[in-house]
Amino acid sequence: RIWRMRANSLALDMGFQYKTPFKGLNLGFSISNFGGEMRLEGDNTFVRVDLDPQGAGNNDGIPANLALKSWDLPLIFRLGVNYELVKTLDHKWVVATDAVYPNNNTNYLNIGSEYSYRNLVHFRAGYSHLFLNDDYGLGHLRMGIGISVQDKITMNYAYSDRAELGAVSTIGVNLHF
């Protein structure tokens, strides 16, 4: 919904993850917004027009309904890989990257890493939208920290650079049951 306009569609997101025979190497693939087209409808398409604005003496208030075109949802393909560089009882270090192929923008890469100590404290850092020339204020730097309590509660903080829009901080709590 946008003011007195609305658009509806049905879409499907799906993906899979594959643990390769190579120790610590995983692959993933996803597709987002696989679905139908959308078209705005509502009373904002009703307008008054003048069919001959240069002519005098004609009706300048003919009621009309604008015919809006439909559009595809932004279909996104993602292909990702992660690798556990270190995995011991106390330490775990994972690096990951994914290639993103949107149908309505330029392709780009995201890279990131997570270091965990005793599966209690998790430090994360990454860089997003690599090779995207027209990033529209998306920013690139991402960082975060997570703390696990008794494998039942996880608290997370994330920082995201959003360029002209400033920084965004996100705090989350996960309950596992």
Side-chain angles (χ1 to χ4, degrees), residues 1-3 6-36 38 72-132 134-177:
R1 293 184 157 271
I2 300 174
W3 197 26
R6 66 190 168 282
N8 296 310
S9 185
L10 181 64
L12 176 69
D13 297 346
M14 59 186 152
F16 70 89
Q17 196 170 28
Y18 174 64
K19 292 186 178 189
T20 68
F22 304 104
K23 185 177 180 180
L25 182 65
N26 299 305
L27 301 174
F29 172 80
S30 73
I31 183 172
S32 300
N33 292 331
F34 183 73
M38 295 184 73
D72 292 322
L73 292 172
L75 186 65
I76 302 171
F77 295 96
R78 287 185 178 89
L79 178 63
V81 60
N82 77 352
Y83 182 68
E84 293 176 342
L85 291 171
V86 175
K87 186 173 182 181
T88 66
L89 187 60
D90 290 338
H91 307 280
K92 183 178 176 183
W93 184 17
V94 178
V95 293
T97 185
D98 68 338
V100 182
Y101 303 94
N103 71 345
N104 63 347
N105 205 342
T106 307
N107 304 334
Y108 60 91
L109 288 176
N110 299 314
I111 60 171
S113 183
E114 177 185 68
Y115 168 77
S116 300
Y117 178 72
R118 291 193 174 181
N119 204 27
L120 296 174
V121 180
H122 313 275
F123 299 97
R124 303 174 186 109
Y127 205 76
S128 69
H129 300 94
L130 288 168
F131 310 116
L132 188 61
D134 54 350
D135 60 7
Y136 301 111
L138 295 174
H140 299 286
L141 181 64
R142 311 288 191 253
M143 296 186 297
I145 186 169
I147 299 171
S148 299
V149 181
Q150 299 177 354
D151 293 332
K152 298 290 181 192
I153 301 172
T154 307
M155 296 175 286
N156 293 291
Y157 168 79
Y159 166 89
S160 296
D161 170 29
R162 298 297 178 176
E164 292 85 15
L165 298 176
V168 174
S169 294
T170 306
I171 297 173
V173 176
N174 296 335
L175 303 175
H176 306 274
F177 54 92

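All residue numbers refer to positions in the sequence shown, counting from 1.
Counting only distance, with no hydrogens or angles, the side chain of Ser9 and the backbone of Gly36 share a donor-acceptor pair below 3.5 Å. Panel note: side chain His140, backbone Ser128; a donor-acceptor pair is recorded below 3.5 Å. Between the side chain of Ser113 and the backbone N or O of Val94 there is at least one donor-acceptor pair closer than 3.5 Å.
Note: Asp161 CG to His129 NE2 = 11.5 Å, rounded to the nearest 0.5 Å. To the nearest 0.5 angstrom, Thr97 atom OG1 is 13.5 Å from Tyr127 atom OH. For the atom pair Ile76 CD1 and Ile31 CD1, the distance stands at 10.0 Å (nearest 0.5 Å).
Looking at residues two or more places apart in sequence or on another chain, you find a side chain to side chain donor-acceptor pair (under 3.5 Å) between Asn26 and Asn82. For Ser160, the side chain to side chain donor-acceptor pair (under 3.5 Å) test picks out no residue, with sequence neighbours left out. With sequence neighbours left out, Arg6 forms a salt bridge (Lys or Arg N to Asp or Glu O under 4.0 Å) with no residue at all. Evaluation of the side chain to side chain donor-acceptor pair (under 3.5 Å) rule for Arg124 yields Glu114, Asn156 as partners, not counting sequence neighbours. Listed by chain and number, the residues in a ring pair (Phe, Tyr, Trp, His ring centres under 6.0 Å) with Tyr115 are His91 (sequence neighbours excluded).
The neighbour count for Tyr157 OH, taken as heavy atoms of other residues, nucleotides or ligands under 6.0 Å away, is above 12. Heavy atoms from other residues, nucleotides or ligands lying under 6.0 Å from CG of Leu89 number 12 at most. Annotation: Tyr101, atom OH; neighbour count of heavy atoms from other residues, nucleotides and ligands within 6.0 Å does not exceed 12. Atom CG of Leu12 is surrounded by more than 12 heavy atoms from other residues, nucleotides or ligands within 6.0 Å.
Evaluated for a side-chain contact (heavy atoms from CB on, under 4.5 Å) with Asn33, the options Asn104, Asp13, Asn103 yield exactly one hit, Asp13.
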Item to check | Residues Leu85, Val95; criterion side chain to side chain contact (heavy atoms under 4.5 Å, CB included); working and verdict | outcome: CA-CA 7 Å; Leu85 291 171; Val95 293; 3.6 Å; yes

Checklist entry - Passes side chain to side chain contact (heavy atoms under 4.5 Å, CB included), Ser148 versus His122? Steps please. => result CA-CA 8 Å; Ser148 299; His122 313 275; 3.2 Å; yes

Checklist entry - So Asn8 and Met38, side chain to side chain contact (heavy atoms under 4.5 Å, CB included) or not? Walk me through it. => result CA-CA 6 Å; Asn8 296 310; Met38 295 184 73; 5.9 Å; no

Checklist entry - Step by step, would you call Phe77 with Phe29 a side chain to side chain contact (heavy atoms under 4.5 Å, CB included)? => result CA-CA 7 Å; Phe77 295 96; Phe29 172 80; 3.7 Å; yes

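Between Leu75 and Ser32 the shortest heavy-atom distance is CD1-O, 3.4 Å. Scanning both residues, Asn174 and His176, for their nearest heavy atoms gives CB-NE2, 3.9 Å. Across all their heavy atoms, Val149 and Met155 have their closest contact at CG2-CE, 4.1 Å. Nearest heavy-atom pair, Ile145 versus Phe123, reported as atom, atom and distance to 0.1 Å: CD1-CE2, 3.5 Å.
A salt bridge (charged side-chain N to carboxylate O under 4.0 Å, His left out) check over residues 90-104, counting only residues at least two apart or in different chains, returns the pairs Glu84-Lys92, Asp90-Arg118.
The shortest distance between side-chain heavy atoms of Ile153 and Val173 falls below 4.5 Å. The shortest distance between side-chain heavy atoms of Gln17 and Leu27 does not fall below 4.5 Å. No side-chain heavy atom of Ile147 sits under 4.5 Å from any side-chain heavy atom of Thr154. Contact of the Val100 side chain with the Leu109 side chain is not registered, since no non-hydrogen atoms from C-beta on lie closer than 4.5 Å.
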